[in-house]
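Just so you know, ligand 1 is whichever comes first in the structure, and atom 1 is the first atom listed for that ligand.
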Amino acid sequence: MERDIDRILLSREQIHERVRAMARDIAKVYEGSDAGLTIVPVLSGSIIFLADLIRELPLKMKIALLQLSSYRGATTEGAEIRTVLDLVGDVAGRHVLIVDDILDSGRTIRHVQKRIWAKGPASVRTAVLLRKPDRAPPDIRVEHIGFDIEDAFVVGYGLDYDDHYRNYPHIGVLKPEVLLVGQD
Ligand code: IMP
Ligand code: MG
């Protein structure tokens with residue numbers, strides 16, 4: 001696995017520190033909310049971020065899973081967004097925090113936000129660990145952003161290439177030859 005990584009962009013320590021700071025900000029937002037909080041993680045890319053983030057949040061919460069799949073491969077454009085697993089859990093009348101790994105073209109977040117709003121929540125906010133600012137459309141609202149990164153294909157800390165590398169503890173840039181070989 002390690003030999004497929006070109007360079008580390010964010011170390012596990014850097015990520016951990018930032019996730020803790022994000023959790024402090026998020027906790028302030030929901031402190032004292034009467035309606036309950038429901039976290040909606042977008043699977044599978046958000047799993048590690050989710051696990052670290054929620055353990056830093058001293059709030060009562062429910063978790064409603066949503067698994068989507070878009071085109072798999074080096075790039076993420078094209079193809080429609082398919083629902084693999086639909087929301088389970090309470091959203092109507094509750095404060096919803098969408099949690100995803102990365103804001104790239106914005107198609108996924110836009111889709112999820114629309115879908116959550118249709119269920120009548122009390123409020124909707126979104127937290128992503130990474131954003132590629134060169135690509136993210138300016139009209140998408142994401143209240144909590146971990147890091148702005150360059151427009152490179154990254155893996156690790158939940159992010160995959162062809163479903164691999166999610167367990168790599170840092171966030172790294174894949175070697176270009178791996179992306180080419182992986183196109184099967
Ligand atoms: P979108 O283009 O913003 O809709 O992003 C779609 C999905 O593509 C994200 O939730 C990620 O799972 C995946 N994705 C986008 N950029 C990367 C990347 O650099 N590495 C790994 N996955 C990515
Ligand atoms: Mg992915």
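With a 4.0 Å heavy-atom cut-off, ligand 1 is reached by no atom of Val42. With a 4.0 Å heavy-atom cut-off, ligand 1 is reached by the backbone of Ala152 but not by any atom from C-beta on.
Looking at ligand 1, you won't find any N or O of Arg135 less than 3.5 Å from one of its N or O atoms. At least one N or O atom of Gly106 sits closer than 3.5 Å to an N or O atom of ligand 1. The distance criterion of under 3.5 Å between nitrogen or oxygen atoms is met by Val154 with respect to ligand 1.
With no hydrogens or angles considered, no side-chain donor-acceptor pair links Gln67 and Thr83 at under 3.5 Å. There is no side-chain donor-acceptor pair under 3.5 Å between Ser105 and Arg135. When only modelled atom types and interatomic distance are considered, Ser11 and His170 share no side-chain donor-acceptor pair under 3.5 Å. A donor-acceptor pair shorter than 3.5 Å can be found between the side chains of His111 and Arg115. With no hydrogens or angles considered, a side-chain donor-acceptor pair links Asp52 and Tyr157 at under 3.5 Å.
Under the 4.5 Å side-chain contact rule for hydrophobic residues, Val99 and Val142 do not share a cluster.
Heavy-atom proximity to Thr108, at under 4.0 Å, picks out these atoms of ligand 1: 1 (P), 4 (O), 5 (O), 6 (C), 7 (C). For ligand 1, the atoms lying closer than 4.0 Å to a non-hydrogen atom of Asp100 are 10 (O). Taking every non-hydrogen atom of Asp160 and a distance limit under 4.0 Å, the qualifying atoms of ligand 1 come out as 21 (C), 22 (N). Within the listing of ligand 1, atoms 1 (P), 2 (O), 3 (O), 5 (O), 15 (C), 16 (N) sit less than 4.0 angstrom from a heavy atom of Asp104. Less than 4.0 angstrom separates some heavy atom of Lys132 from each of these atoms of ligand 1: 16 (N), 17 (C), 18 (C), 19 (O).
In this structure, Asp101 is part of the shell of residues with a heavy atom less than 4.0 angstrom from ligand 1.
Between the CD1 atom of Ile102 and the CZ atom of Phe49 there is a distance of 12.0 Å, given to the nearest 0.5 Å. Between Ile39 atom CD1 and Tyr30 atom OH the span is 7.0 Å, to the nearest 0.5 Å.
Distances from atom 2 (O) of ligand 1 to the heavy atoms of Gly45, Ser105, Ser44 show the closest one on Ser105. Taking all heavy atoms of Leu159, Ile171, Ile149 into account, the minimum distance to atom 22 (N) of ligand 1 is reached by Leu159.
The two atoms that bring Ala27 and Leu57 nearest to each other are N-CD2, 3.9 Å, heavy atoms only.
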